[in-house]
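See structure below.
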Amino acid sequence: MAASTHWVASTPLQLEDVDSDDLLDSLGDEVAREILVAGKRGAVTAEELAERCDVSESTIYRRLDRLNELGLVERCNPLLSASKGSYRTRIDGVSIQIDEDEMQVQQGPSDCTEDALETVMDVVDVQHVSYDADDELVDVQFKLEPELFEKFMQVYSRSRDC
């Protein structure tokens, strides 16, 4: 199978324009994930991808076409003809946000700090928060059940050991 002749232009990717179900379906495919990882390291040919993924070039071209339709890969550096080239990944990461009404896929990696703080806020009963801007100190008081306090102290002591 020849490569698609309808490749998207290299424009800024907006995952809001991509159907979340289609994106998640594609990310659920092992070959597609391997293509994305390989393309993030640098431009790679379909032949190299086929060898790396241990599949046929036609399988690689099908995945490349699908990933291109979603805006996740782009063709670059045409080699010998309009149908041959190398490919690279256009995104740094995606994050999935789930709330009571919907699931959204967003461009960019998840903000681990924000995620961790939201998890803490979901679990603990915050009683008081104050901030000293001069010293950049936060004083947080929260209520914990004894079992959760034990877990908190275990995590706290591990983090202090680093």
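Positions are given from 1, in the same order as the sequence printed here.
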So how far is it from [X] [atom1] to [Y] [atom2], rounded to the nearest 0.5 Å?
{"X": "Phe142", "Y": "Met121", "atom1": "CZ", "atom2": "CE", "answer": "10.0 Å"}
{"X": "Ile35", "Y": "Ile60", "atom1": "CD1", "atom2": "CD1", "answer": "4.0 Å"}
{"X": "Asp122", "Y": "Leu117", "atom1": "CG", "atom2": "CG", "answer": "11.0 Å"}
{"X": "Tyr156", "Y": "Phe149", "atom1": "OH", "atom2": "CZ", "answer": "10.5 Å"}
{"X": "Asp125", "Y": "Glu145", "atom1": "CG", "atom2": "CD", "answer": "9.5 Å"}
{"X": "Leu144", "Y": "Glu150", "atom1": "CG", "atom2": "CD", "answer": "11.5 Å"}

If every non-hydrogen atom of [X] is compared with every non-hydrogen atom of [Y], which pair is closest and at what distance?
{"X": "Thr59", "Y": "Arg62", "value": "OG1-NH2, 3.1 Å"}
{"X": "Ser26", "Y": "Leu70", "value": "OG-CD1, 3.2 Å"}
{"X": "Ala46", "Y": "Leu64", "value": "CB-CD1, 4.4 Å"}
{"X": "Val31", "Y": "Arg63", "value": "CG1-CG, 3.8 Å"}

Count the heavy atoms of every other residue, nucleotide or ligand shown that sit under 6.0 Å from [atom1] of [X], and state whether that count exceeds 12.
{"X": "Gln141", "atom1": "CD", "answer": "yes"}
{"X": "Asp54", "atom1": "CG", "answer": "no"}
{"X": "Glu47", "atom1": "CD", "answer": "no"}

*Less than 4.5 Å apart, any side-chain heavy atom of Leu72 and any of Leu23?*
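Side chain of Leu72 against side chain of Leu23, heavy atoms only: contact under 4.5 Å found.
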
*Any side-chain heavy atom of Val94 sitting closer than 4.5 Å to one from Ile96?*
no

*Begin from the C-alpha positions of Asp92 and Lys40 and carry the test side chain to side chain contact (heavy atoms under 4.5 Å, CB included) through to its verdict.*
CA-CA 8 Å; Asp92 292 323; Lys40 197 62 191 170; 2.7 Å; yes

Please say yes or no: joined through hydrophobic side-chain contacts below 4.5 Å, possibly via intermediate residues, are [X] and [Y] part of one cluster?
{"X": "Leu137", "Y": "Val120", "result": "no"}
{"X": "Val124", "Y": "Tyr131", "result": "yes"}
{"X": "Leu36", "Y": "Leu24", "result": "yes"}
{"X": "Val126", "Y": "Val123", "result": "yes"}

*Without swapping roles, check the side chain of Arg88 against the backbone of Glu74 for a donor-acceptor pair under 3.5 Å.*
no

*For the pair Glu30 and Glu34, evaluate side chain to side chain contact (heavy atoms under 4.5 Å, CB included) and give the outcome as yes or no after the intermediate values.*
CA-CA 6 Å; Glu30 183 179 354; Glu34 288 185 44; 3.3 Å; yes

*asked:* Does Arg66 form a salt bridge (charged side-chain N to carboxylate O under 4.0 Å, His left out) with Glu69? I'd like the steps, not just the answer.
replied: CA-CA 5 Å; Arg66 185 67 188 129; Glu69 288 172 9; 2.7 Å; yes

*Between Leu67 and Thr89, does a side chain to side chain contact (heavy atoms under 4.5 Å, CB included) hold up when you go through it step by step?*
CA-CA 9 Å; Leu67 292 170; Thr89 301; over 6 Å; no

